[in-house]
Amino acid sequence: MISNNTNGQFEHSLARGRMVDEQIINRGVKNEKVINAFRSVPRHLFVDANFSHQSYNDHPLPIGQDQTISQPYIVAVMTEYLDVQSNHKVLEIGTGSGYQTAILSHLAKMVYTVERIEELSLQARKILNRLNLKNIRYKIDDGSLGWKEFAPYDRIIVTAASEFMPVALQSQLVANGRIVIPIGKNSTQVLTLGVKHGNRLIQRKIFDCTFVPLISNK
Ligand code: SAH
């Protein structure tokens, strides 16, 4: 019998290993740094305690406030397309549970994350602090206009669906910078990669997806 502690850490780490092998590597994600980040971030800490037994399953989960933590595979694909380097400044719009933030924090130099719902931002910050991830700055605001103070960013990731490519975010990208964002309405959304060439953003469709909407008051 393998010993276990009361928090079920051993089960969680087994489930995490299976998640990485079956849902991420077997489906074609190749970037070793991305894969290692998924091996090290304890996803079960980012979901509501009632759902923690499902936290390594192959689907999104509720995180309160009518929002969701994305399916692990989707987080992995978005992260791989983002192609984050260790000297990068990354802007994330939609902190949510903070899970994607944790993954980015393992890969980037600094992560700037914006969330419009205060409760979610504060809860995410609590967990990320507990994990001792220090290269993260938080803002509670409508992120559809980005975060001008620290622009430009090498990479921008948006984890809520926008009806169009937000112009403000494009302007906060460095030359050759990349943005990964779901674009579209309700059930017709396309995960999109944008690469900035000069003042133009060359866009490429990744695949169809379903995210909660990016809500903008501005
Ligand atoms: N990356 C998150 C996914 C959260 S779902 C995770 O891993 O858990 C998308 C999040 O975007 C929600 O928390 C929602 O509140 C937030 N959001 C929606 N519109 C926003 C906006 N305009 N600015 C900032 N955050 C926004």
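We count ligands from 1, going down the list as the structure has it; atoms in each ligand are counted the same way. This is a predicted model, so every value here is computed, not measured. Excluded from the calculations below are hydrogen atoms, water molecules and symmetry mates; all remaining heavy atoms, backbone and side chain alike, are included.
Of all the atoms in ligand 1, the ones that sit under 4.0 Å from a non-hydrogen atom of Val212 are 5 (S), 9 (C). Less than 4.0 angstrom separates some heavy atom of Gly143 from each of these atoms of ligand 1: 21 (C), 22 (N), 23 (N), 24 (C). Heavy-atom contacts of Gln100 reach the following atoms of ligand 1: 1 (N), 7 (O) (cutoff under 4.0 Å). Within ligand 1, counting atoms from 1 as listed, the ones closer than 4.0 Å to a heavy atom of Gly94 are 1 (N), 2 (C), 10 (C), 11 (O), 16 (C), 25 (N). Residue Asp141 has at least one heavy-atom neighbour below 4.0 Å for each of these atoms of ligand 1: 23 (N), 24 (C). Atoms of ligand 1 lying under 4.0 Å from any heavy atom of Val114, numbered from 1 in the order shown and given with element: 24 (C), 25 (N). Within the listing of ligand 1, atoms 21 (C), 22 (N), 23 (N) sit less than 4.0 angstrom from a heavy atom of Asp142. Here is the list of ligand 1 atoms found below 4.0 Å of a heavy atom in Ile69: 8 (O).
Taking atom 14 (C) of ligand 1 as the reference point, the nearest protein heavy-atom neighbour is Gln67 OE1, 3.4 Å. Taking atom 9 (C) of ligand 1 as the reference point, the nearest protein heavy-atom neighbour is Thr159 O, 3.3 Å. Remark: minimum distance from atom 4 (C) of ligand 1 to any protein heavy atom is reached at Thr68 O, 3.3 Å. Summary of contacts: the protein heavy atom closest to atom 13 (O) of ligand 1 is Glu115 OE1, 2.7 Å.
The side chain of Ile117, and not its backbone, has at least one atom closer than 4.0 Å to an atom of ligand 1 (non-hydrogen atoms only; side chain from C-beta on).
The shortest distance between side-chain heavy atoms of Ile35 and Val20 falls below 4.5 Å. Within the 4.5 Å cutoff, the side chain of Arg43 has heavy atoms near those of the Met19 side chain. Annotation: side chain of Pro62 is not in contact with side chain of Ile69 (no heavy-atom distance under 4.5 Å). Between Ile156 and Val90, every side-chain heavy-atom pair lies at or beyond the 4.5 Å cut-off.
Checking only distances, Ile215 does come within under 3.5 Å of ligand 1, N or O to N or O. Not a single N or O atom of Ser70, backbone or side chain, sits closer than 3.5 Å to an N or O atom of ligand 1.
The pair Arg27-Asp58 meets the salt-bridge criterion, with a side-chain N (NZ, NE, NH1 or NH2) lying under 4.0 Å from an Asp/Glu carboxylate O. A salt bridge links Arg39 and Asp21; the closest N-O separation between the charged side-chain nitrogens and carboxylate oxygens is under 4.0 Å.
For atom 26 (C) of ligand 1, the nearest non-hydrogen atom from the set Arg116, Arg43, Gln65 comes from Arg116. Between the choices Ser162, Pro213, Ser97, the shortest heavy-atom distance to atom 6 (C) of ligand 1 belongs to Ser97.
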Using a 3.5 Å cut-off and no angle test, enumerate the donor-acceptor pairs between side-chain atoms of residues 107-114 and protein atoms at least two apart in sequence or in another chain.
{"from": "Thr113", "atom 1": "OG1", "to": "Glu92", "atom 2": "OE1", "distance (Å)": "2.6"}
{"from": "Thr113", "atom 1": "OG1", "to": "Thr95", "atom 2": "OG1", "distance (Å)": "2.7"}

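For the residue pair Tyr56 / His44, a side-chain donor-acceptor distance below 3.5 Å is found, with atom types taken as modelled. Residues Thr79 and Gln100 bring a donor and an acceptor atom of their side chains to less than 3.5 Å of each other.
Atom-to-atom distance recorded for Glu163:CD and Leu214:CG is 9.5 Å, nearest 0.5 angstrom.
Neither Val190 nor Ile93 shares a network with the other; the hydrophobic side chains, linked directly or stepwise wherever heavy atoms of I, L, V, M, F, W or Y lie under 4.5 Å apart, form separate groups for each.
Residue contacts with ligand 1 leave out Thr101, since none of its heavy atoms falls under 4.0 Å from the ligand.
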